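Bear in mind that the values here come from a model prediction, so they are computed numbers and not experimental data. Order of the sequence lines fixes the chain letters, A, B, ..., with proteins taken first and strands second; residue numbering starts at 1 for each chain. What's counted below: heavy atoms across the whole structure, side chains too, no hydrogens, waters or symmetry copies.
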2 protein chains.
Amino acid sequence: MKKKREGKTTSKIFDDHDHGMCFDDAIEQIENYFLKKNLQFTPLRRKVFEILIRDHKPLGAYEILEALGRDGFSSSPPIAYRVLDFLMEHGFVHKIQGLNAFIACSNPNHSHSPAFVICRKCEKVAEVDEKKSGISFASANIENFEVEKTTVEMTGVCTTCSRAATI
Amino acid sequence: MKKKREGKTTSKIFDDHDHGMCFDDAIEQIENYFLKKNLQFTPLRRKVFEILIRDHKPLGAYEILEALGRDGFSSSPPIAYRVLDFLMEHGFVHKIQGLNAFIACSNPNHSHSPAFVICRKCEKVAEVDEKKSGISFASANIENFEVEKTTVEMTGVCTTCSRAATI
DNA sequence: CATAACATGTTATAACATAACACTATTAGT
DNA sequence: ACTAATAGTGTTATGTTATAACATGTTATG
Ligand SMILES: [Zn+2]
Ligand SMILES: [Zn+2]
Ligand SMILES: [Zn+2]
Ligand SMILES: [Zn+2]
């Protein structure tokens, strides 16, 4: 019995989402990055990234594994988790904590503290930057603490879904 | 084989943590709230809250279950999850997504969007408010989206731990 | 080519969470 | 007080997410 995230259709992430780059651009960017950093963009890593960037929505690790299996790759859990960890280290994938799911970065190649907007009805997710979100981390200096990583997720309902509900 | 969160000592949450209220105060506040709202502060709910407020650190659901078992309560998973859901609904408990753990609220009885500061070394957690965190949600109005709930967690290293590392 | 470092494959298991249903206790009407 | 409805708890089973440990393959380097 599966939980959520199964038959949802995908399109633009929210009406005003800035796709930023298409599939090909994303692949090219990650290729260049790996080349520059002397990292191996192996078939497995490429495939995992392709699966995530394909329709650019959050996928659970086991959904990614299924997709890997369909494409002839091994599909035991560590395969996915290892590659996801690697891609996250280099900023090409983020984890959505509130969904236990992973999503391709909308804005790689510049260091950033991503924030996510998550519709709890259609489960679309948009990655937004500080300015767009209205959240500022700039002054997030807690006394006696060195912040290394921030998790910011805003859950709610997108206009499309709230309109649909009132029809 | 257990994972993290096992033998850590507890004291104040970070050096400058404002406890806000002691154990007895916390219990009194929750009692009053339940009374006012005509909710049942049952022995089970009281015990779960006591376990969490006792040393005021994040606990996994299964740690709470163990504590319940030790105190003569049933300790099958739904027991903990149901009570935790209930306490979270009413703002007395928060979930720390990055730790899959639950913590008693440091500032109940006023609606708030909590932010958490998490030391990845000692796993102490402080609940901070917007001003203290330097994060402002005030203008977090995303176009085409109604934000209902925010998750903000800042992970890093507290001064105590970073000092300990350089000795 | 040796060898070290990196990457992947595999099995097993840990850790976290919920579904479904039974039973009990409390509350609300009559 | 009786009864029905609701809320709370108990129990079993299972679903879901993630990691440990170790084996094998692959790639860079001297
Ligand atoms: Zn990003
Ligand atoms: Zn939506
Ligand atoms: Zn709180
Ligand atoms: Zn610390």
Side-chain angles (χ1 to χ4, degrees), chain A residues 1-6 30 34-49 51-52 58-69 71-90 92-103 123, chain B residues 1-6 30 34-35 37-49 51-52 58-69 71-90 92-103 120 123:
Chain A
M1 204 183 304
K2 295 192 58 180
K3 240 176 48 179
K4 307 161 194 171
R5 278 198 314 278
E6 67 231 316
I30 194 171
F34 275 51
L35 206 64
K36 196 166 61 190
K37 294 264 187 176
N38 266 299
L39 301 167
Q40 300 182 52
F41 195 43
T42 61
L44 177 62
R45 288 170 179 171
R46 172 187 293 269
K47 176 57 69 180
V48 170
F49 184 72
I51 289 165
L52 283 168
L59 296 175
Y62 283 74
E63 293 179 293
I64 292 166
L65 283 167
E66 283 173 28
L68 285 174
D71 288 359
F73 288 82
S74 169
S75 60
S76 47
I79 295 291
Y81 285 104
R82 276 191 297 231
V83 172
L84 288 168
D85 283 347
F86 180 86
L87 294 172
M88 283 193 289
E89 270 171 31
H90 294 281
F92 290 95
V93 168
H94 302 297
K95 179 169 185 181
I96 309 293
Q97 296 282 3
L99 299 174
N100 291 324
F102 303 86
I103 193 165
E123 290 202 345
Chain B
M1 205 182 300
K2 296 192 57 180
K3 238 176 52 178
K4 304 158 193 172
R5 277 197 315 279
E6 66 231 318
I30 192 170
F34 274 51
L35 207 64
K37 294 263 185 175
N38 267 298
L39 302 167
Q40 300 181 51
F41 196 43
T42 61
L44 176 60
R45 288 170 178 172
R46 173 186 291 270
K47 178 56 70 178
V48 170
F49 185 72
I51 289 165
L52 283 169
L59 296 175
Y62 282 71
E63 291 178 295
I64 292 166
L65 284 168
E66 282 172 29
L68 285 174
D71 288 358
F73 289 82
S74 168
S75 60
S76 48
I79 295 291
Y81 284 104
R82 277 191 297 229
V83 173
L84 288 168
D85 283 347
F86 180 85
L87 294 173
M88 282 193 289
E89 271 171 30
H90 294 281
F92 290 94
V93 168
H94 302 297
K95 179 170 185 182
I96 309 293
Q97 295 282 2
L99 298 174
N100 291 323
F102 303 86
I103 192 165
R120 64 173 165 73
E123 288 199 346

ask   = Between D:dA7 atom P and B:Phe34 atom CZ, what is the distance in whole Å?
value =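 The distance from CZ of B:Phe34 to P of D:dA7 comes to 15 Å, rounded to the nearest Å.
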message = Just the rounded figure in Å: distance from C1' of C:dA15 to CD1 of B:Ile64.
response = 14 Å
task = Any chance you could measure B:Ile30, atom CD1, to B:Phe41, atom CZ, to the nearest 0.5 Å?
result =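 Answer rounded to 0.5 Å: 4.0 Å.
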request  = Could you tell me the separation between the CD atom of B:Glu123 and the CG atom of B:Leu99, rounded to the nearest 0.5 Å?
outcome  = 5.5 Å
key: Sugar-phosphate only, base, or nothing, as touched by A:Ser76 at under 4.0 Å among non-hydrogen atoms   =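 Base, at least one base atom sits under 4.0 Å.
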ask   = B:Tyr62 near the nucleic acid: base, sugar-phosphate alone, or nothing, with a heavy-atom cut-off under 4.0 Å?
value = base
Contact nearer the 5' end of DNA chain C, comparing B:Gln97 with B:Arg82 = B:Gln97
query = Of A:Gln40 and B:Pro78, whose closest DNA chain C nucleotide lies nearer the 5' terminus?
reply = A:Gln40
ask   = How do A:Asn38 and B:Ser74 order along DNA chain D: which one's closest nucleotide is nearer the 5' end?
value = B:Ser74
message = Could you check whether B:Phe86 and B:Phe34 have their ring centres less than 6.0 Å apart?
response = yes
note = Across every strand shown, the nucleotide meeting Watson-Crick or G-U wobble geometry with D:dG30 (both distances under 3.5 Å) is C:dC1
query = For C:dT8, does either OP1 or OP2 sit under 4.0 Å from a side-chain N or O belonging to A:Arg45?
reply =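 For C:dT8, OP1/OP2 do have a side-chain N/O of A:Arg45 under 4.0 Å.
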key: Partners meeting salt bridge (charged side-chain N to carboxylate O under 4.0 Å, His left out) with B:Arg46 (sequence neighbours left out)   =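 Residues passing salt bridge (charged side-chain N to carboxylate O under 4.0 Å, His left out) with B:Arg46: B:Glu31.
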